[in-house]
Participant: 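If you scroll down you'll find the structure; I have some questions about it.
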Amino acid sequence: MILDNMTYSEICTHLTSDIRHAEGYARNLKFMTYRSEAIKRKKYPLFFKPVFHVTIQRNRWFVVPHVRSRKDLTRIPYYLGCIFKQHDRTIMFMQINLTECRNINFIFTYAFFERYAIRNRVYGISEEEVVFHFVRSLHKVSLQEVEHRCCKKQILFSENGMALGYADSKNKNLIVFKTYVSVENGPTDLVKMHKDWKLFQSIM
């Protein structure tokens, strides 16, 4: 369970110890049911409704099965993350395997989702629906450390925009994202950086 006085580093430690329970739940979902439904629809990308699981640690994890192309039908992929509240504000945690030997932990703050909604003109939906709107955009992405305006930043590039964050001072495997800029209305230098970016790869 996440408490209001916990730091991002403490939250990350807590959730990384709990994620194996969520992964066990996710692996036991009846993915053949999702596959059958996807074959019937024949229209991709297809995102199924999130399935929620609360662990014994009282953390609320979500699983989002999805099919982006026919290749996904052989083994239905899914997004796994934890949505929690801190000071009554919605925050999301995800863990992504960038290489065979390294997991990176991401925290997307309330401020990040607030800016994401504004810059993508996502109006009239709940905070949680904004989270899933963003999650569905995580397909081909790449994480890069760049020096922007004399500061080192971690940028998560996606097809439509960039999440800007920083590595936590106490946990180098944790990156906290606090803002988002879209390709359409971002600053000129960041839009150019996105245009010049060639390391387009799927890590989800």
Side-chain angles (χ1 to χ4, degrees), residues 1-41 44-68 71-98 100 102-110 112-114 116-117 122 125-139 141 156 158 163 165 168 171 173-177 202-204:
M1 182 178 180
I2 308 300
L3 303 176
D4 282 347
N5 62 353
M6 292 174 73
T7 65
Y8 289 136
S9 180
E10 290 169 338
I11 291 170
C12 179
T13 299
H14 172 66
L15 291 179
T16 51
S17 69
D18 193 45
I19 196 171
R20 67 181 183 275
H21 300 290
E23 288 173 336
Y25 171 81
R27 285 193 296 268
N28 287 326
L29 287 176
K30 295 180 180 179
F31 286 104
M32 289 305 293
T33 303
Y34 294 110
R35 183 177 184 275
S36 299
E37 182 65 23
I39 291 172
K40 288 177 187 176
R41 295 198 191 183
Y44 314 118
L46 173 61
F47 297 91
F48 293 95
K49 289 182 179 180
V51 180
F52 294 96
H53 174 64
V54 179
T55 64
I56 57 173
Q57 295 290 334
R58 297 175 64 188
N59 298 310
R60 184 169 175 259
W61 294 85
F62 66 81
V63 183
V64 181
H66 58 276
V67 176
R68 290 187 179 271
K71 291 180 181 178
D72 288 338
L73 292 173
T74 56
R75 182 178 176 272
I76 303 291
Y78 58 87
Y79 297 124
L80 175 67
C82 181
I83 295 176
F84 59 93
K85 294 269 189 178
Q86 197 173 38
H87 301 289
D88 291 324
R89 294 188 162 186
T90 300
I91 302 175
M92 181 185 72
F93 169 89
M94 293 187 86
Q95 186 178 85
I96 297 176
N97 190 334
L98 287 171
E100 290 183 0
R102 187 186 179 200
N103 288 326
I104 301 293
N105 303 301
F106 293 163
I107 286 179
F108 297 89
T109 65
Y110 172 82
F112 170 85
F113 288 115
E114 191 175 52
Y116 175 84
V122 180
I125 61 176
S126 68
E127 290 180 5
E128 200 164 274
E129 288 172 318
V130 172
V131 171
F132 291 119
H133 190 284
F134 168 69
V135 167
R136 288 193 294 270
S137 74
L138 294 175
H139 176 41
V141 296
L156 186 71
S158 65
D168 186 82
N171 184 344
N173 272 346
L174 169 63
I175 298 173
V176 179
F177 292 102
S202 176
I203 63 171
M204 297 298 287

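Count residues from 1 along the sequence. Quick caveat: nothing in here was measured; it's all calculated off a predicted structure.
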Participant: Can you see which heavy atom on Phe93 is nearest to which on Thr16, and at what distance?
Facilitator: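 Closest approach of Phe93 to Thr16, heavy atoms only: CZ-CG2, 3.8 Å.
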Participant: Does a side chain donor of either Ser126 or Glu129 reach within less than 3.5 Å of an acceptor in the other side chain?
Facilitator: yes
Participant: Carefully, step by step, assess Arg89 and Glu114 under the rule salt bridge (charged side-chain N to carboxylate O under 4.0 Å, His left out).
Facilitator: CA-CA 10 Å; Arg89 294 188 162 186; Glu114 191 175 52; 6.0 Å; no
Participant: Under 30°, 30 to 60°, or over 60°: which ring-plane class applies to His66 and Tyr79, parallel, tilted or perpendicular?
Facilitator: parallel
Participant: Might you point out which heavy atoms bring Leu80 and Ile19 nearest each other, and give the distance in Å?
Facilitator: CD2-CG1, 4.1 Å
Participant: Between OH of Tyr110 and CD1 of Ile91, what distance do you get to the nearest 0.5 Å?
Facilitator: 11.0 Å
Participant: For the residue pair Asn103 and Ile96, establish whether any side-chain heavy-atom pair is separated by less than 4.5 Å.
Facilitator: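 No - every pair of side-chain heavy atoms lies 4.5 Å or more apart.
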Participant: Go through the structure and list residues passing ring-ring contact (aromatic ring centres under 6.0 Å, His included) with Tyr116, not counting sequence neighbours.
Facilitator: His133, Phe134, Tyr180
Participant: Would you please test Asn171 and Tyr8 for side chain to side chain contact (heavy atoms under 4.5 Å, CB included) and show each step?
Facilitator: CA-CA 9 Å; Asn171 184 344; Tyr8 289 136; over 6 Å; no
Participant: Taking atom CG as the centre, does Asp88 end up with more than 12 heavy-atom neighbours from other residues, nucleotides or ligands that are less than 6.0 angstrom away?
Facilitator: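 It does not: Asp88 CG has 12 such atoms or fewer within range.
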Participant: Please examine the side chains of Val135 and Phe47, heavy atoms only from C-beta on, and report whether any two atoms are closer than 4.5 Å.
Facilitator: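 No, every pair of side-chain atoms sits at 4.5 Å or beyond.
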Participant: Name every donor-acceptor pair, under 3.5 Å, that has one atom in a side chain of residues 26-35 and the other anywhere in the protein, sequence neighbours excluded.
Facilitator:
residue: Asn28; atom: ND2; partner: Gly24; partner atom: O; Å: 3.0
residue: Arg35; atom: NE; partner: Leu73; partner atom: O; Å: 2.8

Participant: Could you go through Gln95 and Ile104, starting from their C-alpha distance and side-chain angles, then the distance that decides it, and tell me whether this counts as side chain to side chain contact (heavy atoms under 4.5 Å, CB included)?
Facilitator: CA-CA 6 Å; Gln95 186 178 85; Ile104 301 293; over 6 Å; no
Participant: Could you give the distance from CD1 (Ile39) to CG (Leu46), rounded to the nearest 0.5 Å?
Facilitator: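 One finds 11.5 Å between CD1 of Ile39 and CG of Leu46.
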Participant: Measuring from atom OG1 of Thr13 to atom CD1 of Ile11, what distance do you get when rounded to the nearest 0.5 angstrom?
Facilitator: 10.0 Å
Participant: Are Ile175 and Asp168 close enough, and set up right, to give a side chain to side chain contact (heavy atoms under 4.5 Å, CB included), and what steps lead you there?
Facilitator: CA-CA 6 Å; Ile175 298 173; Asp168 186 82; over 6 Å; no
Participant: What is the minimum heavy-atom distance between Ser137 and Ser158, and which atoms define it?
Facilitator: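 So the minimum-distance heavy-atom pair works out to O-CB, 4.3 Å.
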Participant: After noting the C-alpha distance and the side-chain angles of Leu156 and Leu138, does the key distance pass the side chain to side chain contact (heavy atoms under 4.5 Å, CB included) rule?
Facilitator: CA-CA 10 Å; Leu156 186 71; Leu138 294 175; 4.1 Å; yes
Participant: Once you round to the nearest 0.5 Å, how far does CG of Asn173 lie from SG of Cys12?
Facilitator: 8.0 Å
Participant: Taking atom CE of Met92 and atom CZ of Phe132, what is their separation to the nearest 0.5 Å?
Facilitator: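 If we round to the nearest 0.5 Å, Met92:CE and Phe132:CZ are 8.5 Å apart.
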Participant: For Ala163 and Phe108, which heavy atoms make the closest approach, and how far apart are they?
Facilitator: CB-CE2, 4.4 Å
Participant: Restricting to pairs with a member in residues 44-60, which pass side-chain hydrogen bond (donor to acceptor under 3.5 Å, both in side chains), not counting sequence neighbours?
Facilitator: His14-Asn59, Asp18-Thr55, Asp18-Asn59, Arg60-Glu128
Participant: Could you tell me if the side chain of Trp61 sits less than 4.5 Å from the side chain of Ile83, heavy atoms only?
Facilitator: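 Ile83 vs Trp61: side chains apart.
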Participant: Under 3.5 Å, is there a donor-acceptor pair linking the side chains of Asp4 and Gln86?
Facilitator: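 Checked: Asp4/Gln86 side chains show no N/O donor-acceptor pair below 3.5 Å.
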Participant: Centroid separation under 6.0 Å, is that true for the rings of Phe106 and Phe177?
Facilitator: yes
